[in-house]
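Down below is the structure, laid out as structure tokens.
Throughout, protein chains are lettered first and strands after them, A, B, ... in sequence-line order, and every chain is numbered starting at 1.
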Amino acid sequence: MTPEQLRDLVRTAVAAVVERGTLAVAVPDDVLVERPKNPEHGDYATNVALRLAKPAGMPPRAVADLLAEELRAQPGVARVDVAGPGFLNVTLAQGALGQIAVRAVTAGEGYGRTDTLAGQRLNLEFVSANPTGPVTLGSTRWAAVGDALARLLESSGAEVSREYYVNDAGAQIERFARSLQAVALGRPVPEDGYQGDYVGEVAARVVADEPGLLERPEDEQVAVFAERGVAAMVADIRSTLEGFGVRYDTFFSERTLHESGALEKAVATLREQGHVFEADGAVWLRTTVFGDDKDRVLVKADGEPTYFAADCAYYLDKRARGFDRVVIMLGADHSGYVGRYKALVAASGDDPDTHLEILIGQLVNLVRDGEPVRMSKRKGNFVLLTDLVDAVGTDAARYALARASVDQTIDIDADLWSRRTNDNPVFYVQYAHARISSVLRNAADLGLALGEAGDVDAGLLVHERENDLLRAIGEFPRVVTSAAELRAPHRVARYLEELAGTYHRFYDACRVLPRGDEEATPLTTARLWLCAATAVVLRNGLGVLGVSAPERM
RNA sequence: GCGCCCGUAGCUCAGCGGAUAGAGCAGGUGCCUUCUAAGCACUUGGUCGCAGGUUCGAGUCCUGCCGGGCGCGCCA
């Protein structure tokens, strides 16, 4: 029996007692059935009686007693205890737990997938770093977390479109182009220009692709450097991210918004809604009525649109493309943006709480010799995605970034990360998968196969370590849905570490394959199913994080 | 000054209002002639920043302090 099935049983029990008139409450939709930390508290526990006590006007333990009696009659339930303030501790019947292994193996890649978000179309924007330099360590965090989140949401049944907003317009690009030009001409880079080594490389590439460029008028040169320089940078960013396992459905060019007149249209739309006004020669959006700190300029006094005007146009474009929900991941250095963004959504007539979701994540620092290294795209002094991958590999990089809560600022110790030690839990998890793969290989060599689901007696799995493992495997679907709901991919990583540990303890305590000239028994088969089920979950879980599940290490 | 995030073991961090607060690393003691020791068992280590409040119950929610990070442009 899976925890989901037990949850349904509990709900049915509540409904039955209510039906009989002994309990006067509304049957709750969200009954919590969880795995107790203390093994003496049975296989599963629910606090439903504690929840219902107040609305029912009865003591928690009295409610619990009613439900316990009802539950005891259910098939697959061996024992129900009322404990503490009113918890229901459920012990499943012999063999009921073992079915979890069969279910996981049978479902395979589908184990952990649900339809809780079915029908939702959402647009997830992440990274969106300016195309004026390579992908930095800070952006790498959003690549790892954003991609994992996309996979999580998809696992919960949502339709997710991954999007990268390319800021290929504006003064930043102008500065970038002038920097490229300066380097190409052998001049010093302007004070406010870009100075990494890559600037020279990109400049050389542009010159090579455009013979005679440096003999043309300077204005023309800048235009060419802007056009081709940005194109080269975007191509570089794209291939870097693909190498990192992150693919986008759309690279959206800001410039197309400018060229299509979308900004003017956006301003007009907001004006129709009655939230645009003129002051000091500029055009403003009255965002303060929707909770923003101050009103925001859409068109400057010099007639140029602001970055915010492009944001307005961009948001409206996403909505016009049919997305129910626009999700944007931003670094904490952009947290000041939330207020105006929410306000623009409200000003456009949408609901800022349902149509827009902004996820703010804290920054990543590189620490070297105990001192944080400042990262700035202008100076050449920054750590790149490629540096991180070169040092620890894609798997470790993705895992390490995805296993921390985004609310937490991460300090990455350069020495620790360039070392290859088991400080990194990804090896612990991957090792469990490799270990299982080895057992299954050896089983195949002995001519042992899993066989059909009907042929395995999962009820033979009665060892404490086996039960621990079964319960852990049973948790996976819930871990996925809750991680998706909470936008917290790191929960999957933490869960996998627990699962790996649980497997290692099982492996240590329970021999799977026959030794020497022993014969295989039905227990051998049952344990092989348990191993296979664990491998399924490890693969699916690592897959959510975009990390490989190696068969050998 | 205002807004957001953080403060949990020596270190890095988990912890969806539930029972005796966890993991990894670091320290200590053990376990490989047969399935991967990148593992396992045992052990040391806590005023969950401080003070109030909410309730059957608070590391978790609310308020106020203290300490640290980020942000507050007609920049992008």
Side-chain angles (χ1 to χ4, degrees), chain A residues 30 32 34 36-38 40-41 45 47 50-51 53-54 59-61 83-87 89 130 132 167 169-175 254 279-284 293-294 296-302 304-308 310 331-339 360-363 365 372 403-411 413 416 420-432 434-443 445-446 478 482-483 485-486 488 490-491 493-495 497-498 500-501 503-516 518 527 531 552-553:
Chain A
D30 55 332
L32 184 67
E34 59 183 358
K37 278 173 278 185
N38 188 333
E40 288 169 20
H41 295 154
N47 64 349
L50 291 161
R51 299 270 173 202
K54 182 163 272 182
R61 288 193 64 108
F87 288 103
N89 293 334
N130 285 346
T132 53
N167 300 124
Q172 200 101 253
I173 298 302
E174 175 86 9
R175 277 207 287 275
E254 178 190 349
D280 305 325
V283 180
W284 299 69
D293 298 336
K294 52 190 77 168
R296 305 293 170 179
V297 172
L298 291 168
V299 183
K300 298 188 260 183
D302 64 7
E304 288 295 312
T306 59
Y307 187 84
F308 181 58
D333 51 345
H334 289 80
S335 60
Y337 238 68
V338 177
I360 296 294
Q362 299 303 307
L363 305 178
N365 291 312
R403 90 184 277 268
S405 154
V406 293
D407 289 338
Q408 197 79 35
T409 305
I410 313 183
D411 284 337
D413 184 312
L416 184 72
R420 217 170 163 76
T421 69
N422 58 355
D423 290 6
N424 193 332
V426 71
F427 294 117
Y428 184 79
V429 176
Q430 288 183 316
Y431 179 65
R435 216 178 199 188
I436 294 169
S437 300
S438 175
V439 171
L440 295 177
R441 271 196 306 275
N442 293 341
D445 290 346
L446 292 172
R478 257 212 316 240
S482 82
E485 273 167 28
L486 297 169
H490 75 279
R491 282 172 180 263
R494 303 296 174 150
Y495 162 79
E497 288 165 30
E498 260 186 59
Y503 181 78
H504 288 312
R505 285 185 283 278
F506 154 78
Y507 179 90
D508 192 63
C510 301
R511 175 78 196 190
V512 178
L513 300 176
R515 304 162 192 259
E518 289 174 2
R527 285 182 171 167
C531 287
R552 298 170 202 271
M553 290 176 76

* Should the heavy atoms of other residues, nucleotides or ligands under 6.0 Å from CD of A:Glu40 be counted, would the total exceed 12? -> no
* Asked: With a non-hydrogen cut-off below 4.0 angstrom, is A:Ala493 in contact with a base, only sugar-phosphate, or nothing?
  -> nothing
* Asked: What base-paired stems does RNA chain B take part in, with at least 3 consecutive Watson-Crick or G-U wobble pairs and both distances under 3.5 Å?
  -> B:1-7 with B:66-72, B:10-13 with B:22-25, B:27-31 with B:39-43, B:49-53 with B:61-65
* Asked: Nearest of B:rC74, B:rA38, B:rA41 to any side-chain atom of A:Phe427?
  -> B:rA38
* Measure across A:Ala332 and A:Leu363 and return the closest heavy-atom pair with its distance rounded to 0.1 Å. => N-CD2, 3.8 Å
* Structure fact -> A:Val512 and A:Cys531 have their tightest heavy-atom pair at CG2-SG, 3.9 Å
* Asked: Using atom C1' of each nucleotide, how far apart are B:rG1 and B:rC61 to the nearest Å?
  -> 27 Å
* Look at all strands and tell whether A:Gly516 reaches a base, only sugar-phosphate, or nothing, counting heavy atoms closer than 4.0 Å. => base
* Does A:Ser482 make a side-chain donor-acceptor contact with the base of B:rC16, cut-off 3.5 Å? -> yes
* Asked: Which value, rounded to the nearest 0.5 Å, describes the distance between A:Tyr495 atom OH and A:Arg478 atom CZ?
  -> 10.5 Å
* Selection from B:rG71, B:rA38, B:rC35 that lies nearest to any side-chain heavy atom of A:Tyr431 -> B:rA38
* Asked: What is the distance, rounded to the nearest whole Å, between atom CZ of A:Arg296 and atom P of B:rA76?
  -> 13 Å
Review item, nucleotides 54-63 of chain B N/O atoms under 3.5 Å of protein N/O:
from: B:rC56; atom 1: OP1; to: A:Lys54; atom 2: NZ; distance (Å): 3.3

* Asked: Can you name the closest pair of heavy atoms from A:Arg403 and A:Ala493 and give their distance?
  -> CB-CB, 3.7 Å
* To do: Determine the contact category for A:Arg505: base if any of its heavy atoms lies under 4.0 Å from a base atom, sugar-phosphate if only primed atoms, P, OP1 or OP2 are that close, otherwise nothing.
  => sugar-phosphate
* Hey, does the side chain of A:Thr306 reach the backbone of A:Val299 with a donor-acceptor pair shorter than 3.5 angstrom? -> no
* To do: Quote, to the nearest angstrom, the P distance that separates B:rG3 from B:rG57.
  => 31 Å
* Pick base, sugar-phosphate or nothing for A:Asp302, based on heavy-atom distances below 4.0 Å to the nucleic acid. => nothing
* **Atom pair distance, as rounded to whole Å: CG in A:Asp508 and P in B:rU34** => 13 Å
* To do: Quick one: label A:Ala169 by what it contacts on the DNA or RNA (base, sugar-phosphate, nothing), any heavy atom closer than 4.0 Å.
  => sugar-phosphate
* To do: May I ask you to verify if any side-chain N or O of A:Arg435 is less than 4.0 angstrom from the OP1 or OP2 atom of B:rA37?
  => yes
* Has A:Ser438 got a side-chain N or O lying under 4.0 Å from the OP1 or OP2 atom of B:rU36? -> yes
* Asked: So, A:Glu518 side chain and A:Arg515 main chain: donor-acceptor pair closer than 3.5 Å or not?
  -> yes
* A:Asn47 side chain N/O closer than 4.0 Å to the phosphate oxygens (OP1, OP2) of B:rA19? -> no
* Heavy atoms under 4.0 Å, any strand shown: does A:Cys510 hit a base, just sugar-phosphate, or nothing? -> base
* Check: A:Ala53 main-chain N/O paired with A:Arg51 side-chain donor or acceptor under 3.5 Å -> no
* Asked: How far does the C1' atom of B:rU33 sit from the matching atom of B:rA26, given to the nearest Å?
  -> 33 Å
* Asked: Quick one: CD on A:Gln172 to OG1 on A:Thr132, what's the gap to the nearest 0.5 Å?
  -> 5.5 Å
* Asked: What is the distance from CG of A:Asn130 to P of B:rC75, rounded to the nearest Å?
  -> 16 Å
* **Exercise: identify the closest heavy-atom pair between A:Ala301 and A:Asp280** => CB-O, 4.0 Å
* **Nearest heavy atoms of A:Pro36 and A:His41, plus distance in Å** => CG-O, 3.5 Å
* In terms of side-chain heavy atoms of A:Met553, which of B:rA38, B:rC35, B:rC74 is nearest? -> B:rA38
* Starting at atom CZ of A:Arg511, determine the distance to atom P of B:rC31, rounded to an integer number of angstrom. => 20 Å
* Check the geometry between A:Tyr507 and B:rC35 and answer yes if their rings are stacked (centres below 5.5 Å, planes below 30°), otherwise no. => yes
* Taking atom C1' in both B:rC32 and B:rA38, compute the distance separating them and give it to the nearest angstrom. => 15 Å
* **5' priority, RNA chain B, between A:Glu485 and A:Asp293 [closest heavy atom]** => A:Glu485
* Base, sugar-phosphate alone, or nothing: which one does A:Asn89 contact when heavy atoms must sit under 4.0 Å apart? -> base
* Quick one: A:Lys294 NZ to B:rG3 P, roughly how many Å, whole number? -> 14 Å
* **A:Glu254 versus A:Ala310, closest heavy-atom pair with distance** => OE2-CB, 3.8 Å
* To do: Choose from B:rC74, B:rA19, B:rC5 the nucleotide whose nearest atom is closest to any side-chain atom of A:Val297.
  => B:rC74
* Taking the chi torsion of B:rC32, is it syn (within 90° of 0) or anti (everything else)? -> syn
* A:Gln362 side, atom CD; A:Ser335 side, atom OG - distance, nearest 0.5 Å -> 7.5 Å
* For A:Ile360, report the nucleic acid contact type (base, sugar-phosphate, nothing); a contact means any heavy atom under 4.0 Å. => nothing
* To do: Could you work out the separation of B:rC6 and B:rU43 based on their C1' atoms and round it to a whole Å?
  => 32 Å
* Asked: Between A:Tyr428 and A:Tyr431, does the ring centre distance come in under 6.0 Å?
  -> no
* Asked: Expressed as a whole number of Å, how far does the C1' atom of B:rU36 sit from that of B:rG59?
  -> 39 Å
* Asked: Given the P atoms of B:rG17 and B:rC13, what is the spacing between them in whole Å?
  -> 23 Å
* Just how far is it from atom CG of A:Leu486 to atom CZ of A:Arg491, taken to the nearest 0.5 Å? -> 5.0 Å
* Answer yes or no as to whether B:rA19 has its base stacked against A:Phe87, where stacking requires a ring-centre separation under 5.5 angstrom and planes under 30 degrees apart. => yes
* Asked: What distance, rounded to whole Å, do you find between the two C1' atoms, one in B:rA51 and one in B:rC25?
  -> 34 Å
* Structure fact -> The residue, A:Val512 or A:Gly281, whose nearest nucleotide of RNA chain B is more 5′ is A:Val512
* Structure fact -> Testing B:rA19, B:rA76, B:rC74 for proximity to the side chain of A:Ala301, the answer is B:rC74
* To do: Taking the six-membered ring of A:Tyr503 (Phe, Tyr or Trp), confirm whether the NZ or CZ of A:Arg435 is under 6.0 Å from its centre and within 45° of its axis.
  => no
* Could you state the CG-C1' distance from A:Asp333 to B:rC75, rounded to the nearest angstrom? -> 14 Å
* Asked: Over how many whole Å does the gap from A:His334 atom NE2 to B:rC5 atom C1' extend?
  -> 16 Å
Check: protein-nucleotides 9-14 of chain B nitrogen or oxygen pairs below 3.5 Å:
from: B:rC13; atom 1: O2'; to: A:Arg494; atom 2: NH1; distance (Å): 3.2
from: B:rC13; atom 1: O2'; to: A:Arg494; atom 2: NH2; distance (Å): 2.5
from: B:rA14; atom 1: OP1; to: A:Ser405; atom 2: N; distance (Å): 3.0
from: B:rA14; atom 1: OP2; to: A:Gln408; atom 2: OE1; distance (Å): 3.1

* To do: Take the protein atom CG of A:Asp445 and the nucleotide atom C1' of B:rU34, then report the distance between them rounded to whole Å.
  => 15 Å
